Amino acid sequence: QVQLVESGGGLVQAGGSLRLSCTASGRPFNRNAMGWFRQAPGNEREFVAAINWSGVATYYSDSVKGRFTISRDNAKNTVYLQMISLKPEDTAIYYCAATIRPTVSLILNEYDYWGQGTQVTVSS
């Protein structure tokens, strides 16, 4: 049974930092792209960042580019999202996702496995 488990969310003041982790179990994902999405109350789930199977290629939404960094450790079957200069509009539930594809995808429906999400709240 495949599981993605996120951790690292919490409450932080504007301008602060958090690092999210997502550890996969049940099968290796070292040949698969992975991504982070987020969903704020009343909004649809949106793309945040993605990384290809090797970690060489990354892609970010315009709203987080320059502030968030996605990375992965295939030996640990884990992907990370380092977030700095956080803003109140970053407040959302953050979801980790994995696709069976090796290449980066920005499209929610192309991801096959999802975590339960971790809450990030940024106070002003």
Side-chain angles (χ1 to χ4, degrees):
Q1 179 182 358
V2 174
Q3 277 193 313
L4 302 180
V5 179
E6 303 98 335
S7 62
L11 173 64
V12 64
Q13 289 188 330
S17 302
L18 283 174
R19 188 174 86 151
L20 306 183
S21 299
C22 170
T23 299
S25 61
R27 58 155 284 181
F29 283 95
N30 56 356
R31 294 302 182 194
N32 306 109
M34 299 187 73
W36 288 94
F37 291 77
R38 67 186 182 187
Q39 187 167 17
N43 291 355
E44 294 186 351
R45 194 170 299 189
E46 65 174 9
F47 169 79
V48 174
I51 188 166
N52 78 326
W53 71 274
S54 67
V56 170
T58 57
Y59 199 87
Y60 300 91
S61 68
D62 288 343
S63 62
V64 307
K65 196 174 298 181
R67 300 186 298 120
F68 291 11
T69 303
I70 188 171
S71 61
R72 66 189 299 162
D73 184 339
N74 284 341
K76 296 181 179 179
N77 230 20
T78 298
V79 64
Y80 304 97
L81 186 68
Q82 178 68 51
M83 306 184 293
I84 66 171
S85 301
L86 283 161
K87 305 175 182 180
E89 51 263 45
D90 294 318
T91 295
I93 299 175
Y94 283 70
Y95 297 91
C96 170
T99 173
I100 60 174
R101 304 164 185 260
T103 53
V104 168
S105 173
L106 284 62
I107 302 172
L108 185 149
N109 290 339
E110 291 185 351
Y111 284 82
D112 304 283
Y113 304 99
W114 291 85
Q116 292 299 308
T118 185
Q119 177 71 47
V120 171
T121 303
V122 184
S123 63
S124 56

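Below, all heavy atoms of this structure are taken into account, side chains as well, without hydrogens, waters or symmetry copies. Everything numeric here is computed off the predicted structure, so don't read it as measured data.
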Same apolar cluster (I L V M F W Y, side chains within < 4.5 Å links), Val79/Trp53: no
Hey, any chance Val120 and Phe68 share a hydrophobic cluster, counting ILVMFWY side chains that come within less than 4.5 Å of each other, even indirectly?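 Yes; tracing contacts between hydrophobic side chains, which count when under 4.5 Å, links both residues.
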Between side-chain atoms of residues 98-108 and protein atoms elsewhere (two or more places apart, or another chain), which donor-acceptor pairs fall under 3.5 Å?
from: Thr99; atom 1: OG1; to: Arg101; atom 2: N; distance (Å): 3.1
from: Thr99; atom 1: OG1; to: Glu110; atom 2: O; distance (Å): 2.8
from: Ser105; atom 1: OG; to: Ile107; atom 2: N; distance (Å): 3.2
from: Ser105; atom 1: OG; to: Glu110; atom 2: OE1; distance (Å): 2.5

Residues in side-chain contact (heavy atoms from CB on, under 4.5 Å) with [X], at least two apart?
| X | result |
| --- | --- |
| Val2 | Arg27, Phe29, Tyr113 |
| Ser61 | Phe47, Ser63, Val64 |
| Ser54 | Asn52, Val56 |

For Trp114, which of Phe37, Tyr94, Trp36 qualifies under ring pair (Phe, Tyr, Trp, His ring centres under 6.0 Å)?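 Among the candidates, only Phe37 passes.
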Taking only distance into account, with no hydrogens and no angle test, what donor-acceptor pairs under 3.5 Å do side-chain atoms of residues 11-20 form with protein atoms, sequence neighbours excluded?
none

Would you please name every residue forming a side chain to side chain donor-acceptor pair (under 3.5 Å) with [X], sequence neighbours left out?
| X | value |
| --- | --- |
| Thr58 | none |
| Thr121 | Gln119 |
| Asp73 | none |
| Tyr95 | none |

For the backbone of [Y] and the side chain of [X], can you confirm whether one donor and one acceptor N or O come within less than 3.5 Å of each other?
| X | Y | answer |
| --- | --- | --- |
| Tyr80 | Thr69 | no |
| Arg67 | Ser85 | yes |
| Glu6 | Gln116 | yes |

Where at least one partner belongs to residues 23-70, residue pairs that pass disulfide (SG to SG under 2.5 Å), sequence neighbours excluded: none
Disulfide (SG to SG under 2.5 Å) pairs touching residues 7-108, sequence neighbours excluded, are Cys22-Cys96
Just checking Tyr59: does its OH atom have more than 12 heavy atoms from other residues, nucleotides or ligands closer to it than 6.0 angstrom? no
What is the minimum heavy-atom distance between Tyr111 and Ala97, and which atoms define it? CD2-CB, 3.5 Å
[atom1]-[atom2] distance between [X] and [Y], expressed to the nearest 0.5 angstrom:
| X | Y | atom1 | atom2 | answer |
| --- | --- | --- | --- | --- |
| Ser21 | Arg72 | OG | CZ | 13.5 Å |
| Ser71 | Met34 | OG | CE | 11.5 Å |
| Asn77 | Asn32 | CG | CG | 9.0 Å |

Do NZ/NE/NH1/NH2 and the carboxylate oxygens of Asp62 and Lys65 come within less than 4.0 Å?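 Yes.
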Can you pull out every salt bridge (Lys or Arg N to Asp or Glu O under 4.0 Å) where at least one residue sits in residues 114-124? Sequence neighbours excluded, please.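 Qualifying pairs, neighbours excluded: none.
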With a 4.5 Å cut-off on side-chain heavy atoms, are Arg38 and Asp90 touching?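 Yes; the side chains approach each other to less than 4.5 Å.
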